Amino acid sequence: MQTMLTFDVLLFASYADAAGSSSIRVTVPPGAAVQDVLDAVRVAAPALSLPTRPLVAVNHRYAKADVAVAAGDELALIPPVAGG
Amino acid sequence: MQTMLTFDVLLFASYADAAGSSSIRVTVPPGAAVQDVLDAVRVAAPALSLPTRPLVAVNHRYAKADVAVAAGDELALIPPVAGG
Amino acid sequence: MRTALVGKPIDVAAIAAEVVSPEDGALSLFIGTVRNSNQGRAVDAIEYNVYAPMAEREMTALAHEAAAQFGTSHIVIEHRTGYVALGEASVAIAVAHPHRANAMDASRWIIEALKTRVPIWKLEHYTDGTREWVEHGQVPHA
Amino acid sequence: MRTALVGKPIDVAAIAAEVVSPEDGALSLFIGTVRNSNQGRAVDAIEYNVYAPMAEREMTALAHEAAAQFGTSHIVIEHRTGYVALGEASVAIAVAHPHRANAMDASRWIIEALKTRVPIWKLEHYTDGTREWVEHGQVPHA
């Protein structure tokens with residue numbers, strides 16, 4: 001039996017405000033993808049009320065929902081950006 | 001009989017170089033238009049070899065060939081501009 | 001080519017001097033500045049929240065993509081972090097090229113792409129003491 | 001709004017500071033610079049010949065037309081006269097506006113119109129000692 005994966009998913013701006021934290025810890029089974037992490041975040045932080053398809057970054061790159069995650073990955077939820 | 005009109009038509013850049021002067025004196029009859037001035041310039045300075053329809057300014061504004069000229073007007077021939 | 005997140009005021013003249021090479025005939029500079037109102041509300045300052053390592057990666061990627069598309073590596077992008085006062089520059093994009101169309105096209109492409117992709121967020125501080133996250137697509141912006 | 005023919009180096013930072021007002025969120029700057037070659041010939045310097053009173057009149061007219069068309073009077077145009085050395089700015093166009101699209105559209109409109117209408121001519125001095133008047137439409141240019 002493989003070890004579960006634990007991530008501290010980074011939050012920014014309005015997401016961090018809504019969650020009251022700059023990260024949220026989630027645990028997903030081995031072989032999980034971005035979508036599984038999102039589902040776990042929704043359960044762990046219902047106050048966050050994420051949009052249907054929030055942007056996610058894996059290791060500083062935008063990643064689709066079916067991208068696999070691995071131990072040590074840096075995961076972040078990206079609210080609609082507003083630089084400039 | 002009315003007095004003839006005399007102008008020192010201003011020349012710039014390649015026109016001044018071709019004419020060997022920064023202005024050229026022409027005399028046209030009363031009631032003359034820009035086109036008459038141009039014709040007189042061609043006679044007075046054949047070395048200038050003007051294009052068929054050179055740009056002309058009357059009192060610092062571009063003027064068409066049929067614009068009347070009057071004593072005291074500042075006339076200039078404008079080579080293709082190249083600012084910037 | 002250089003991109004940077006900066007905590008101090010942006011030096012426009014220094015960037016202009018840095019980006020122009022002897023073969024360039026044109027420099028296009030876009031500067032975003034903090035304006036005193038948005039959606040009719042009086043603004044005091046903007047606080048930029050940045051996901052720094054990813055923002056740096058995306059800014060570098062933008063510069064490389066623009067270089068390939070517009071034919072110049074003479075590109076500098078700087079974006080402020082933290083509090084930025086009224087009238088100060090929040091972002092500067094400088095592109096130099098032998099010809100003006102490429103320089104202008106490139107700087108415009110970069111600012112539009114930056115506002116779509118680079119993970120930076122702005123918290124507007126209003127003169128009435130309230131604050132709000134600005135989200136593009138939700139409100140008009142500069 | 002200000003337009004000027006200038007005999008000294010253009011101060012880009014001063015123009016940027018001058019043109020931006022508190023309500024502006026965007027500044028678009030276009031700078032033309034003297035490049036080291038044109039049509040494959042090595043250039044030493046450019047000498048600008050200007051029909052000054054008409055050039056001033058046309059530059060002012062351009063600024064007013066741009067103000068009406070793009071909705072901002074925050075416009076500065078400076079053009080050098082006489083000799084301009086390699087790498088120096090020959091022209092600077094600065095437009096500030098609450099929103100970036102207008103600022104960028106206006107500065108681009110102005111440089112294109114300036115190159116069509118303002119009576120200024122450039123004499124290129126080449127490193128081989130020869131000189132030639134550049135005429136738009138005849139040769140590519142920045």
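Being a predicted model, the structure only gives us computed values, none of them experimental. The sequence lines fix the lettering, A, B, ..., with proteins before strands; numbering per chain opens at 1.
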* When only pairs under 4.5 Å are counted, which of C/Ser21, C/Ala89, C/Pro22, C/Ala13 shares the most heavy-atom pairs with chain D? -> C/Pro22
* To do: Scan C/Val6, C/Ile120, C/Val50 and name whichever one has a side-chain contact (heavy atoms from CB on, under 4.5 Å) with C/Thr81.
  => C/Val50
* Geometric class of the D/Tyr48/D/His79 ring pair [parallel <30°, tilted 30-60°, perpendicular >60°] -> perpendicular
* Asked: Using non-hydrogen atoms only, which part of D/Val34 is less than 4.5 Å away from chain C: side chain, backbone, both, or neither?
  -> backbone
* Structure fact -> Greatest number of non-hydrogen atom pairs under 4.5 angstrom with chain D, of C/Asp105, C/Ile93, C/Val91, falls to C/Asp105
* Asked: Can a salt bridge be assigned to the pair D/Glu88 and D/Arg80 using a cut-off of 4.0 Å between side-chain N and carboxylate O?
  -> yes
* To do: Please state whether the side chain, the backbone, both or neither of D/Ser28 comes within less than 4.5 Å of a heavy atom of chain C.
  => both
* Using a strict cut-off of less than 4.0 Å between a Lys/Arg side-chain nitrogen and an Asp/Glu carboxylate oxygen, indicate whether C/Glu47 and C/Lys122 qualify as a salt bridge. => no
